[in-house]
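Just below is one structure, and these are the notes that go with it.
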Amino acid sequence: MSLVIGIDGPAGSGKGTITKLVAEKLDIVNIDTGAMYRSVALATLRAGIPLDDEEKIIALAKKIKIEFDTNGHTYLNKEDVSEEIRKKEVSDIVSIISKIVEVRKEMVRQQRKLAEGLDVIMEGRDITTEVFPNADYKFYLDASVEERAQRRLKQNKEKNIDMSYEEILESIKTRDYNDTHKDYGALKRTEDQIYIDSTNLSIEEVAEIIISKIKESK
């Protein structure tokens with residue numbers, strides 16, 4: 001019987017890092033759903049498709065192949081795009097891309113397919129509400145918007161991505177609004193999610209909280 005752990009939360013809340021760590025500690029598969037939407041955004045940019053041409057973007061989303069390896073790398077049509085999908089031009093449009101209902105439905109279909117028969121952990125905006133509403137464990141990871149901007153600034157510096165703190169802060173605020181106002185797959189707080197505020201917690205501390213919650217219920 002497969003195990004499904006879902007983690008939702010806003011941009012920069014640490015979901016990606018935490019999910020990778022928990023996956024390693026529990027020896028389960030991590031499916032990076034955010035990277036899937038970023039891959040669609042990158043493919044859209046490369047194809048030169050206008051952001052208002054939803055039909056072409058939807059067709060592209062259904063055509064491309066997104067894969068992951070055990071090292072957490074993301075592949076778009078067999079090309080490793082792990083670094084490229086984190087660049088500013090992709091970050092600037094990914095929320096617009098993920099707002100397209102048919103794109104989200106296609107990604108949900110692929111996410112469910114990737115998870116078949118496996119013990120998995122997935123993070124995103126609607127994992128516990130749309131993708132796997134019957135997930136075995138549901139978490140909502142949060143942090144203050146200022147802390148999230150600082151974290152993203154540090155990540156960008158490590159990857160040589162040139163964005164100021166102010167640019168990142170405004171980008172995250174825009175993402176927060178867009179992510180909570182989607183017609184389909186919006187970011188939501190629900191009563192059955194375990195809420196974790198990571199503002200003043202380390203990565204290890206958050207991972208241990210999640211793992212302890214899982215072990216407690218077994």
Side-chain angles (χ1 to χ4, degrees), residues 4-39 41 68 71-74 82-83 85-88 90-91 94-95 98 111 120-129 131-132 135 137-161 163-180 185-190 192-215:
V4 177
I5 303 168
I7 302 179
D8 287 327
S13 58
K15 299 186 307 299
T17 304
I18 298 301
T19 299
K20 288 176 186 176
L21 185 57
V22 173
E24 290 172 5
K25 288 179 176 289
L26 295 180
D27 193 26
I28 59 178
V29 177
N30 170 28
I31 297 175
D32 189 342
T33 61
M36 296 177 74
Y37 289 105
R38 285 177 172 272
S39 295
F68 302 97
N71 295 316
H73 290 193
T74 305
S82 306
E83 296 294 328
I85 60 173
R86 302 295 169 183
K87 291 183 177 178
K88 182 179 185 298
V90 173
S91 295
V94 67
S95 188
S98 65
Q111 288 155 18
V120 301
I121 183 168
M122 304 172 75
E123 57 88 5
R125 304 294 186 273
D126 61 346
I127 304 304
T128 67
T129 54
V131 184
F132 287 105
Y137 301 97
K138 301 180 180 184
F139 296 91
Y140 189 103
L141 186 59
D142 205 358
S144 70
V145 66
E146 293 81 10
E147 174 65 18
R148 290 187 278 134
Q150 286 289 357
R151 290 174 182 175
R152 189 57 55 85
L153 178 65
K154 183 181 178 182
Q155 289 174 348
N156 286 353
K157 284 182 177 178
E158 290 171 353
K159 297 176 181 178
N160 296 315
I161 299 173
M163 283 182 74
S164 69
Y165 170 80
E166 290 73 19
E167 285 180 306
I168 295 170
L169 183 64
E170 287 308 309
S171 175
I172 287 178
K173 287 179 179 178
T174 300
R175 285 284 300 278
D176 284 353
Y177 180 84
N178 288 339
D179 289 339
T180 55
L187 175 64
K188 299 175 184 176
R189 286 276 306 278
T190 62
D192 59 352
Q193 295 164 335
I194 297 171
Y195 180 82
I196 303 173
D197 185 342
S198 69
T199 302
N200 298 308
L201 297 174
S202 69
I203 292 167
E204 281 284 349
E205 286 173 327
V206 176
E208 286 306 317
I209 289 172
I210 290 172
I211 291 169
S212 67
K213 293 293 183 183
I214 294 169
K215 289 181 177 178

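Atom set for the values below is all heavy atoms of this structure, side chains included, hydrogens, waters and symmetry mates excluded. FYI, the numbering just counts along the sequence from 1.
- For the atom pair I168 CD1 and K173 NZ, the distance stands at 13.0 Å (nearest 0.5 Å).
- Of the possible polar contacts, one joining the S198 side chain to the D142 backbone as a donor-acceptor pair under 3.5 Å is found.
- Residues D176 and P10 approach most closely at OD1-CB, 3.6 Å, considering heavy atoms.
- At least one donor-acceptor pair closer than 3.5 Å links the side chain of D8 to the backbone N or O of I127.
- The backbone N or O of V94 lies less than 3.5 Å from a partner atom in the side chain of S98, making a donor-acceptor pair.
- Q193 contributes a side-chain N or O that, together with a main-chain N or O of K188, makes up a donor-acceptor pair within less than 3.5 Å.
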Could you give the side-chain donor-acceptor pairs of residues 31-39 under 3.5 Å, partners two or more places apart or in another chain?
from: D32; atom 1: OD1; to: G34; atom 2: N; distance (Å): 3.3
from: D32; atom 1: OD1; to: A35; atom 2: N; distance (Å): 3.0
from: D32; atom 1: OD2; to: R86; atom 2: NH2; distance (Å): 3.2
from: T33; atom 1: OG1; to: E123; atom 2: O; distance (Å): 2.2
from: R38; atom 1: NH1; to: I85; atom 2: O; distance (Å): 2.7
from: R38; atom 1: NH1; to: S91; atom 2: OG; distance (Å): 3.1
from: R38; atom 1: NH2; to: S91; atom 2: OG; distance (Å): 3.4
from: S39; atom 1: OG; to: A35; atom 2: O; distance (Å): 2.8

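- Identified under the side chain to side chain donor-acceptor pair (under 3.5 Å) test for residues 11-23, with sequence neighbours left out: none.
- Not one N or O on the side chain of S144 forms a donor-acceptor pair closer than 3.5 Å with the backbone of T199.
- Every residue meeting the side-chain hydrogen bond (donor to acceptor under 3.5 Å, both in side chains) condition with S202, not counting sequence neighbours, appears here in chain and number order: E205.
- Checked by atom type and distance alone, the side chain of R125 never pairs as donor or acceptor with a backbone atom of L187 at under 3.5 Å.
- Smallest separation of non-hydrogen atoms from R152 and A11: NH2-C, 4.2 Å.
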